[in-house]
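Owing to the predicted nature of the structure, the values given are computational and were not obtained by experimental measurement. In the text below, chain A, chain B and the rest are named by the order of the sequence lines, each starting its count at 1.
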2 protein chains.
Amino acid sequence: MSGEDIDGKAVAATIRGELKERVSSLRSPPGLAVILVGSRRDSQTYVRMKKKACEEVGIQSFGFDYPDTVTEDELLQKIAELNSDDKVHGILVQLPLPKHINEDSIIEAVHPTKDVDGLHPRNNAALCSTGTHVGAEKVDWADLSSVPFHIPCTPQGCIELLDRSGVELKGKNAVVIGRSNLVGLPVAMLLMHRDATVTIVHSKTTDAPGVVGRADVVVAAVGRAEMVKKEWIKEGAVVIDVGINSVDDASAKRGYRLVGDVDYAGCKEVASKITPVPGGVGPMTIAMLLRNTVNSCVRSGATKGE
Amino acid sequence: MSGEDIDGKAVAATIRGELKERVSSLRSPPGLAVILVGSRRDSQTYVRMKKKACEEVGIQSFGFDYPDTVTEDELLQKIAELNSDDKVHGILVQLPLPKHINEDSIIEAVHPTKDVDGLHPRNNAALCSTGTHVGAEKVDWADLSSVPFHIPCTPQGCIELLDRSGVELKGKNAVVIGRSNLVGLPVAMLLMHRDATVTIVHSKTTDAPGVVGRADVVVAAVGRAEMVKKEWIKEGAVVIDVGINSVDDASAKRGYRLVGDVDYAGCKEVASKITPVPGGVGPMTIAMLLRNTVNSCVRSGATKGE
Ligand SMILES: NC(=O)C1=CN([C@@H]2O[C@H](COP(=O)(O)OP(=O)(O)OC[C@H]3O[C@@H](n4cnc5c(N)ncnc54)[C@H](OP(=O)(O)O)[C@@H]3O)[C@@H](O)[C@H]2O)C=CC1
Ligand SMILES: NC(=O)C1=CN([C@@H]2O[C@H](COP(=O)(O)OP(=O)(O)OC[C@H]3O[C@@H](n4cnc5c(N)ncnc54)[C@H](OP(=O)(O)O)[C@@H]3O)[C@@H](O)[C@H]2O)C=CC1
């Protein structure tokens, strides 16, 4: 058996196309404010990619760049301003922030309805709840794009990939490797909301290969290059690899190449479906950020009469 | 093998004793406000038990009883008043509320620091996070009584019972049956924070007996009388039974008796430790409510100079 690739690049492009169409029917464009602090190369790259993706689908992006020396108060003030700016439907603060700034305070300052990264405690509490409603609004987990609060982008992207690949989750055994607030834990919650029986594996798990071996669906979000081996995977399982790790490779132009948390070549031999790295989960993250921003705009009512 | 009973009644009494001592060293007593709406028999009983337990440990309880016809606004106003009352360190609204009142609004109105039931989204978000801090305060999951926010009482009681029975959780396979916001999901989070490998089982799980059969620790919170059978339990596992179900029993004085979600007699033959029903988890819920209230008082600083 050789598993089918789940083509995240193609799925993300399709979603961007759908969003573009949706945006074109709105009275005024959705707006995303992007706050970048300092001169980290990787952060600059991510911000550039996000702004470019906004442009592609017709979201207006507003960039706010600050030096490393910016104070927490200055950022809080800017966020307060953006919270009450009707042209701004999403506020993204590129993480990590310099050490002298409390990330939690910044995250909590963003109004939950504009928290398109889904990191605000309100949004986390809504995700980590089996209640049927958030406030007066019903939650329909079957359609994540309809959920009346913001779900973190990478986890949302994982489920969207599964959905668009026709993978049924209800009643399936799902194992998530990793329990970070950014990826592992929210993915586990989403799989649970989809009625999978979820097991969360982490660094203190004693028999990870055994646990993973019983999974119909495996999501790896660990940060360890090619940790998940062929022998771990049950024949026919679906494998979602969130990991992005750079490993030395003298034969590569830049001296390194990117690999996931899964030994792709090996696992592909037993899996029924598998995401490659790069080109799997990666492109979905930005697509979900765009979707959250468009949803936020529609929900704000700024687009009544669309 | 015949499993040892975990005696929740005795453990709860010990904890009340510890709290009493702690309270006696405070400058002024902790205060718990208890809001009761309507005339449900069970709610009245719970409220009475809670007030009585407060008295025993030296917590001042303030009762506010309302008829079924009370408006949401009246309750919200009372809660606002209690939020800013320095003598009140915990506010408990006995659930369920009549249908015309939005429970979520009421729960969210209670200030998170006084939300001794641990139901406010802020407290839920803190529980469902693997961050090391809440605000500036470090979270030490090893000692739940030190955690700087409120953890729901029944789930907290389950872990406390395990702790006081010398059950090691790190690296163990734990299975929680049930995923309610009140019990199942928070228990799963707590077990995860204690570094168990956690699986959440629910009504859509296809092979519950198989999944439970791999568990070193089983927590049942389902609401189905004696659903968990001896054959499900791995030899030597620890079984925590949260369920409280009344079943008809002509031989009993009141015509019914209370049983858990676990077939106690059968499972006791294979488990190493097991909680009886009644007398297991039940008494722990109120003990944890008292502890949350005392902690809230100490954290409020009202007791500086203790
Ligand atoms: N595609 C995308 O857009 C994104 C990709 N990523 C990538 O996903 C990966 C995970 O990211 P993130 O969640 O932020 O990472 P974190 O470092 O925050 O979390 C890693 C998790 O993996 C667990 N872990 C570590 N070692 C092991 C082990 N040997 N066995 C089992 N579990 C282990 C840790 O457990 P413990 O809690 O016990 O320490 C922790 O929960 C990274 O490679 C990252 O680059 C991240 C975000 C977006
Ligand atoms: N000791 C104490 O102080 C307390 C005791 N309790 C008792 O604990 C029990 C659970 O309470 P609570 O969590 O509030 O109940 P809920 O009804 O809110 O939740 C029950 C959970 O059990 C799951 N479930 C139902 N049937 C099955 C099944 N056949 N197999 C597997 N899972 C199933 C449900 O799954 P799904 O989500 O798919 O519907 C749901 O997640 C009750 O007996 C209650 O009386 C509760 C609170 C305090």
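Going from atom OG1 of B/Thr130 over to atom CD1 of A/Ile200 covers 9.5 Å, rounded to the nearest 0.5 Å. Interatomic distance, B/Glu103 CD to A/His133 NE2, rounded to the nearest 0.5 Å: 13.0 Å. Residue B/His202 holds its NE2 atom at 10.5 Å from NE2 of A/His193, rounded to the nearest 0.5 Å. Once rounded to the nearest 0.5 Å, the distance linking OG1 of A/Thr199 with CZ of B/Arg214 reads 8.0 Å. Atom-to-atom distance recorded for B/Leu127:CG and A/Asn124:CG is 10.0 Å, nearest 0.5 angstrom.
Interface residue B/Asp104: only side-chain heavy atoms are found under 4.5 Å from chain A. In this structure, the portion of B/Leu185 lying under 4.5 Å from any heavy atom of chain A is its side chain and not its backbone. If you measure heavy-atom distances from A/Arg179 to chain B, the contacts under 4.5 Å come from both the backbone and the side chain. Only the backbone of B/Ala196 comes within contact range of chain A, with heavy atoms under 4.5 Å apart.
Closest non-hydrogen pair, A/Ala125 versus B/Pro121, comes out as CB-O, 3.3 Å.
At a heavy-atom cut-off of under 4.5 Å, chain A is reached by no residue from residues 144-168 of chain B. Interface with chain A: from residues 217-230 of chain B, no residue qualifies, criterion being any non-hydrogen pair under 4.5 Å.
Between B/Thr205 and the choices A/Thr197, A/Asp195, A/Asn173, the side chain to side chain contact (heavy atoms under 4.5 Å, CB included) rule is met once, by A/Thr197.
B/Glu74 CD: more than 12 foreign heavy atoms inside a 6.0 Å radius.
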